[in-house]
Peer 1: 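Below is the structure I would like to discuss, written out as structure tokens.
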Amino acid sequence: MSSNTMLQKMLLILISLSVVTWMIFIISQNFTKLWSALNLSISVHYWNNSAKSLFPKTSLIPLKPLTETELRIKEIIEKLDQQIPPRPFTHVNTTTSATHSTATILNPRDTYCRGDQLDILLEVRDHLGKRKQYGGDFLRARMSSPALMAGASGKVMDFNNGTYLVSFTLFWEGQVSLSLLLIHPSEGASALWRARNQGYDKIIYKGKFVNGTSHVFTECGLTLNSSAELCEYLDDRDQEAFYCMKPQHMPCEALTYMTTRNREVSYLTDKENSLFHRMAPGETSIAGNQVPLISVILGTWVLILPLIPFFLPPLSWPYTEV
């Protein structure tokens, strides 16, 4: 009896040891997988935090598409930038001179009929007599009939190499006056375009707001660097906005009228300003007596016409308000 009991106890101990051994084996296997998973999770979490610090997340704000009018304005400004590139110069003598420039009639004939086209090749030179290598000069070509008190503009084609083709249509019979004027050299036109685009703070705008018997003046403009509350006035046609600082206790609709004055500021250098001093007519007229006589016929009679310079006063300068 005792031997059987002893045998049962030993068998129970062996079974218990087997169960414990099996449980330890299972736990060890699962613990390895659990630790690998936990370690991978920690690594991924650390990488995510590192990536966030190295590559901060930015919110993708969709850009507002330009309207058709804004696209057209942008296209026009880009074309103007191409036609009026920067033209730096070291001395006024290297700028365009009307006195040293030459004009030549192309394919001259003894007679011209009314309605014919008269083409003139213009070669511009600087004050030293050197041929200019680029265009961009502000030229004015005019034709007039003193007897008829009529006038017309000529067409100027810029070849961007210092030469221009000036075309006139001979509208009238009788005495006709032609003029080729250099209003601004290309260097001056470029300086004006740069100054025009340099800022909008040259003119001071003041808006008057009226509410009953009280009125207030506030600063206005196309751009206002202020954190105060602003009134926006949007042009429905071209979507351009004009702003005024909103006065206290008054609505934006209380704006009645605007006053302006110029700031004492210029974006032109002294050297650039020297290009715009008033010149005598002989200094702005190009090749006044260099073109030979031309003949314009109407019907059966012939009239010999000299090319008479027609002087127009040049624009005075400086224009500090531009």
Side-chain angles (χ1 to χ4, degrees), residues 49 51-88 136 138 184 187-276 315-322:
N49 289 337
K52 287 180 181 179
S53 61
L54 292 175
F55 309 104
K57 184 178 180 181
T58 58
S59 58
L60 298 178
I61 302 176
L63 297 176
K64 181 181 178 182
L66 297 177
T67 64
E68 183 179 353
T69 301
E70 290 173 336
L71 290 173
R72 178 165 174 77
I73 293 175
K74 184 174 181 291
E75 180 183 357
I76 293 175
I77 295 298
E78 289 177 350
K79 287 183 178 180
L80 287 173
D81 287 334
Q82 294 174 0
Q83 295 180 6
I84 315 177
R87 297 297 186 195
F138 181 9
H184 294 311
E187 294 80 7
S190 175
L192 290 176
W193 182 246
R194 190 206 70 241
R196 182 262 181 200
N197 295 328
Q198 197 160 345
Y200 292 98
D201 58 347
K202 197 172 180 64
I203 300 178
I204 301 175
Y205 296 92
K206 291 290 184 180
K208 183 178 181 180
F209 291 80
V210 178
N211 188 6
T213 59
S214 61
H215 64 272
V216 178
F217 285 92
T218 66
E219 184 179 357
C220 302
L222 295 170
T223 56
L224 291 178
N225 297 323
S226 175
S227 59
E229 185 178 1
L230 301 178
C231 291
E232 181 186 71
Y233 304 97
L234 187 65
D235 190 333
D236 293 333
R237 185 189 64 179
D238 54 20
Q239 295 299 304
E240 271 196 334
F242 191 82
Y243 303 93
C244 288
M245 296 181 62
K246 186 179 183 301
Q248 293 183 354
H249 312 300
M250 285 192 184
C252 293
E253 293 77 12
L255 178 65
T256 56
Y257 70 90
M258 195 81 56
T259 62
T260 62
R261 64 183 179 88
N262 295 335
R263 296 182 188 271
E264 296 297 328
V265 60
S266 176
Y267 298 113
L268 299 175
T269 65
D270 293 338
K271 186 170 56 176
E272 291 171 338
N273 267 319
S274 66
L275 298 176
F276 306 106
L315 300 176
S316 60
W317 193 257
Y319 288 118
T320 56
E321 68 271 16
V322 173

Peer 1: Which distance, rounded to the nearest 0.5 Å, do you find between the CD of Glu240 and the CG of Leu222?
Peer 2: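 These two atoms lie 6.5 Å from each other.
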Peer 1: Closest heavy-atom contact between Leu268 and Ala191?
Peer 2: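 Looking at all heavy atoms of both residues, the shortest contact is CD2-O, 3.5 Å.
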Peer 1: CD of Gln248 to CZ of Phe209: how many Å apart, nearest 0.5 Å?
Peer 2: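 So the CD of Gln248 and the CZ of Phe209 are separated by 13.0 Å.
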Peer 1: Can you list the steps and then say if Glu68 with Arg72 is a salt bridge (charged side-chain N to carboxylate O under 4.0 Å, His left out)?
Peer 2: CA-CA 6 Å; Glu68 183 179 353; Arg72 178 165 174 77; over 6 Å; no
Peer 1: To check you understand the geometry: which heavy-atom pair defines the closest contact between Gly136 and Ala189, and what is its length?
Peer 2: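 Between these two residues, the closest heavy atoms are O-CB, 4.0 Å.
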Peer 1: Quick one, Ile204 and Glu219 - any side-chain contact, counting heavy atoms below 4.5 Å?
Peer 2: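 A side-chain contact is absent here, since even the closest heavy-atom pair is not under 4.5 Å.
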Peer 1: Once you round to the nearest 0.5 Å, how far does SG of Cys252 lie from CE of Met250?
Peer 2: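 Here the rounded value is 12.0 Å.
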Peer 1: Could you walk me through whether Glu75 and Lys79 pass salt bridge (charged side-chain N to carboxylate O under 4.0 Å, His left out), step by step?
Peer 2: CA-CA 6 Å; Glu75 180 183 357; Lys79 287 183 178 180; 3.5 Å; yes
Peer 1: Checking Glu232 now: which residues fulfil salt bridge (Lys or Arg N to Asp or Glu O under 4.0 Å) with it, not counting sequence neighbours?
Peer 2: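 By the salt bridge (Lys or Arg N to Asp or Glu O under 4.0 Å) rule, Glu232 matches no residue at all.
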Peer 1: Looking at every non-hydrogen atom in both residues, tell me the closest pair between Leu255 and Gly207 and how far apart they are.
Peer 2: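 Smallest interatomic distance, heavy atoms only, reads CD1-CA, 3.7 Å.
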Peer 1: I want to check something: taking the side chain as every heavy atom from C-beta on, are Asn197 and Ile77 in contact at a cut-off of under 4.5 Å?
Peer 2: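 Not in contact.
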Peer 1: Under the ring pair (Phe, Tyr, Trp, His ring centres under 6.0 Å) test, which residues partner Phe242, sequence neighbours left out?
Peer 2: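 If we apply the ring pair (Phe, Tyr, Trp, His ring centres under 6.0 Å) test to Phe242, skipping adjacent residues, the hits are Tyr205.
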Peer 1: Would you name the heavy atoms of Val210 and His215 that are closest together and state the gap between them?
Peer 2: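 Where Val210 meets His215 most closely, the heavy atoms are CG2-CB, 4.0 Å.
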Peer 1: Working to the nearest 0.5 Å, report the span between CD of Glu272 and OG of Ser190.
Peer 2: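 Rounded to the nearest 0.5 Å, the CD-OG separation comes out at 8.0 Å.
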Peer 1: Side chains of Lys208 and Met258: does their closest heavy-atom pair fall under 4.5 Å?
Peer 2: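 Side chain of Lys208 against side chain of Met258, heavy atoms only: no contact under 4.5 Å found.
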Peer 1: Would you check if Leu192 and Phe138 make a side-chain contact, meaning some heavy-atom pair closer than 4.5 Å?
Peer 2: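 Leu192 does not reach Phe138 side chain to side chain.
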Peer 1: Give, for atom CG of Asn273 and atom OG of Ser266, the distance between the pair rounded to the nearest 0.5 Å.
Peer 2: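 Answer for the CG-OG pair, Asn273 versus Ser266, is 5.0 Å.
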Peer 1: CG of Asn262 to CD1 of Ile203: how many Å apart, nearest 0.5 Å?
Peer 2: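 Answer rounded to 0.5 Å: 5.5 Å.
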Peer 1: Determine yes or no for a side-chain-to-main-chain donor-acceptor pair under 3.5 angstrom, with Arg194 supplying the side chain and Tyr267 the backbone.
Peer 2: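 Yes; judged by distance alone, with no hydrogens or angles, the pair exists.
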Peer 1: Is atom CG of Asp235 surrounded by more than 12 heavy atoms (other residues, nucleotides or ligands) closer than 6.0 Å?
Peer 2: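 Result for CG/Asp235: enclosed.
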Peer 1: If you apply the rule disulfide (SG to SG under 2.5 Å), what do you find for Cys220 with Cys244, and how did you get there?
Peer 2: CA-CA 4 Å; Cys220 302; Cys244 288; 2.0 Å; yes
Peer 1: Do Met245 and Leu224 have side-chain heavy atoms sitting under 4.5 Å apart?
Peer 2: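 Counting from C-beta outward, Met245 and Leu224 do come under 4.5 Å.
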